[in-house]
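The next block holds one structure in the form of structure tokens; read it before the comments.
For the numbers below, each heavy atom of this structure counts, side chains included, while hydrogens, waters and symmetry mates do not. Because the structure is a prediction, the values reported are computed rather than measured.
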Amino acid sequence: MRTIRLCRRHVHRFAPTAPKAFAWWAGLPAADARQIWNSLSEELLEVDFEGTPAWIPRGEETSFGEATTPHGTRFLVEPDLRLLGRDRDGLFIAPGRRTLTPASDTFHPNGILVDGRIVGAWGRKGSRVDIRLSEHLTSAQHVTLAAEVLTFPFSNAHLSTAPESFRR
């Protein structure tokens, strides 16, 4: 019974999702996750998610059509990126830490989220927050990055952008 509630929670929070993603998220063997998933089949609606079968809670179809892209700039720490991790198709939450941007490396393991997209990576040494971007940002977006750095909980925080970080 608990695992069924856990599956419902997963679908509610992460839909559109799939049994494989639930198995990883819940720490269950794939066969067990599939059995639990199948027991909820009446509560789930299969949808096409970028050409891949996925499921959402039945009756919530309209809320998915009304969803808006998040706006703003956030620095995400590496563990938060695991929540945004991708499977090999780049669609669902998946096992382990996957690189979400070509800007990520051992010094820049954290992510930069701008308007709902991971656009780069960041690392910190002392008061310097160093960023590497995987796409060009507008001047306004750079201003919001610098403002976000000022909210970090250490003195003299400042933003450093590597010139080679702008990749095409």
Side-chain angles (χ1 to χ4, degrees), residues 6 9-28 30 33 47-56 60 63-168:
L6 188 64
R9 185 179 307 151
H10 171 82
V11 172
H12 180 74
R13 296 286 183 218
F14 298 110
T17 188
K20 181 180 170 185
F22 169 62
W24 169 78
W25 182 79
L28 294 170
V47 296
D48 177 66
F49 184 57
E50 299 181 13
T52 301
W55 288 260
I56 63 173
E60 294 187 19
S63 65
F64 282 90
E66 298 167 354
T68 60
T69 302
H71 293 286
T73 302
R74 294 291 178 267
F75 284 81
L76 302 177
V77 294
E78 191 272 333
D80 287 347
L81 290 175
R82 293 178 190 200
L83 295 175
L84 299 172
R86 305 290 198 247
D87 64 1
R88 70 178 154 188
D89 299 320
L91 298 174
F92 304 114
I93 294 168
R97 181 177 171 271
R98 302 280 179 138
T99 300
L100 297 177
T101 170
S104 180
D105 61 21
T106 56
F107 181 70
H108 302 86
N110 309 297
I112 300 169
L113 184 71
V114 174
D115 295 335
R117 293 180 337 275
I118 301 291
V119 299
W122 69 277
R124 178 176 85 89
K125 184 167 187 167
S127 61
R128 186 183 89 214
V129 176
D130 188 63
I131 65 171
R132 294 180 67 203
L133 300 171
S134 53
E135 62 183 74
H136 285 278
L137 299 182
T138 67
S139 295
Q141 289 168 328
H142 278 281
V143 168
T144 60
L145 282 175
E148 188 73 10
V149 166
L150 293 176
T151 67
F152 280 33
F154 49 88
S155 60
N156 301 318
H158 63 280
L159 183 64
S160 170
T161 306
E164 72 278 0
S165 70
F166 298 101
R167 299 178 180 169
R168 289 188 182 237

Hey, what do you get for [atom1] ([X]) to [atom2] ([Y]), rounding to the nearest 0.5 Å?
X      : Y      : atom1 : atom2 : answer
Asp115 : Arg74  : CG    : CZ    : 10.5 Å
Ile112 : Leu137 : CD1   : CG    : 7.5 Å
His10  : Trp55  : NE2   : CH2   : 11.0 Å
Leu159 : Leu145 : CG    : CG    : 6.0 Å

Using modelled atom types only, decide if a donor and an acceptor are shared between the side chain of [X] and the backbone of [Y] within a distance under 3.5 Å.
X      : Y      : value
Arg124 : Gly126 : yes
Ser160 : Val129 : no
Asn110 : Trp122 : yes

Indicate the atoms forming the closest heavy-atom contact of [X] with [Y], along with that distance.
X      : Y      : result
Ala157 : Val149 : CB-O, 3.5 Å
His108 : Ala121 : O-CB, 3.2 Å
Ala21  : Thr17  : CB-OG1, 3.5 Å
Phe75  : Ile131 : CE2-CG2, 3.8 Å
Ser127 : Ser155 : CB-O, 3.5 Å
Pro16  : Ala54  : CB-CB, 3.7 Å

Flag yes if more than 12 heavy atoms outside Arg13 fall under 6.0 Å of its CZ atom; otherwise flag no.
no
Hey, mind stepping through Phe49 and Ile56 against side-chain contact (heavy atoms from CB on, under 4.5 Å) and telling me if it holds?
CA-CA 10 Å; Phe49 184 57; Ile56 63 173; over 6 Å; no
Look at the aromatic rings of Phe152 and Phe154 and report parallel, tilted or perpendicular, splitting at 30° and 60°.
perpendicular
With side-chain contact (heavy atoms from CB on, under 4.5 Å) as the test, would you mind laying out the steps for Phe22 and Val11 before giving the verdict?
CA-CA 8 Å; Phe22 169 62; Val11 172; over 6 Å; no
